[in-house]
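Written out below as structure tokens is the structure these notes cover.
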Amino acid sequence: MIEPLDAARVRWVAGSDLSLSRDSRDVIAGIVVWDVRARCVVEQVLVRRRCRFPYVPGLLSFRETPGILAAWRRLRGAVDVLLCDAQGIAHPRRFGLACHVGLWLDRPTIGCAKSRLCGEFGPPGAVRGDRADLLLDGQRVGTVLRTRAGVKPLFVSPGHRCDVDSACRVVLASLTRFRLPEPTRLAHQLVTRARA
DNA sequence: GCGACAG
DNA sequence: ATCTTGTCGC
């Protein structure tokens, strides 16, 4: 029996991201684990490896999953859920990168993308926490979430072992003062700075 | 044929 | 993702 994500008990939220080496031949993957209760970083890992697949819309997982899994193996502490900088089920085949990674890790994952891949939606309200349904073929595959006033909303969808609402709750609980949830924002800084 | 298209 | 300058605002 699998254990579904219980947003109320989540404490360690990890965020993953990737960047490319200057010559674009390698991918630099990083994961930052954020304690949503203590509001601090508890662990971070970085790994670099050869890029094996080109970027093709809809096939992002084939390009980025290997790096994320490699970084994950370096983690030593506990993680309740992983926030991926990509789509979950808000995907043409209902199986975006977050689903792919979650299945490999057999852990709860959430897709938290900065832009839309597919699906229709109306504009969410202007206040942090306001949301709009992301529909694909009449099905609710995610939510368009306003994480901060005056900025583009995020596209949140279930990856593995969670539903739209719990995914949204985890993202909201991981926010500080920026558009992106802290684990994701810090993972982005980590991999970006690792190029220099 | 013409747009759209996670990172 | 990466490139790339200034600019508006807290």
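Order of the sequence lines sets the chain letters (A, B, ...), proteins ahead of strands, with each chain counted from 1. Atoms considered below: every heavy atom in the structure, side chains included; atoms not considered: hydrogens, waters and symmetry mates.
The residue A:Arg177 sits apart from the nucleic acid: no heavy atom pair falls under 4.0 Å. Contact annotation for A:Leu60: base contact, defined as any heavy-atom pair under 4.0 Å involving a base atom. When heavy atoms are screened at a 4.0 angstrom cut-off, A:Leu59 is found touching base atoms of the nucleic acid. Nucleic acid contact for A:Gly58: base, since at least one base atom lies under 4.0 Å from a heavy atom of the residue. Note on A:Ala86: a base of the nucleic acid sits closer than 4.0 angstrom, heavy atoms only.
Proximity of A:Lys114 to the phosphate of B:dA6: no side-chain N or O atom is located under 4.0 Å from OP1 or OP2. Dashed line: the shortest gap from a side-chain N or O of A:Arg195 to OP1 or OP2 of C:dC3 is under 4.0 Å. An OP1 or OP2 oxygen of B:dG7 is reached within less than 4.0 angstrom by a side-chain nitrogen or oxygen of A:Ser115. At B:dG7, none of the side-chain N or O atoms of A:His188 fall inside 4.0 Å of OP1 or OP2 (strictly under the cut-off). A sub-4.0 Å separation between OP1 or OP2 of B:dC5 and a side-chain N or O of A:Arg116 is present.
Between A:Arg94 and A:Asp137 there is a salt bridge, since at least one side-chain N of the basic residue sits less than 4.0 Å from a carboxylate O of the acidic one. Between A:Asp35 and A:Arg11 there is a salt bridge, since a side-chain N of the basic residue sits under 4.0 Å from a carboxylate O of the acidic one. Salt bridge absent: A:Asp17 and A:Arg185 never bring a charged side-chain N and a carboxylate O closer than 4.0 Å.
Atom CG of A:Asp23 and atom C1' of C:dT2 are 13 Å apart (whole Å). A straight line from CZ of A:Phe178 to C1' of C:dG9 spans 15 Å, rounded to a whole angstrom.
By the 6.0 Å and 45° rule, A:Arg63 does not stack over the aromatic ring of A:Tyr55.
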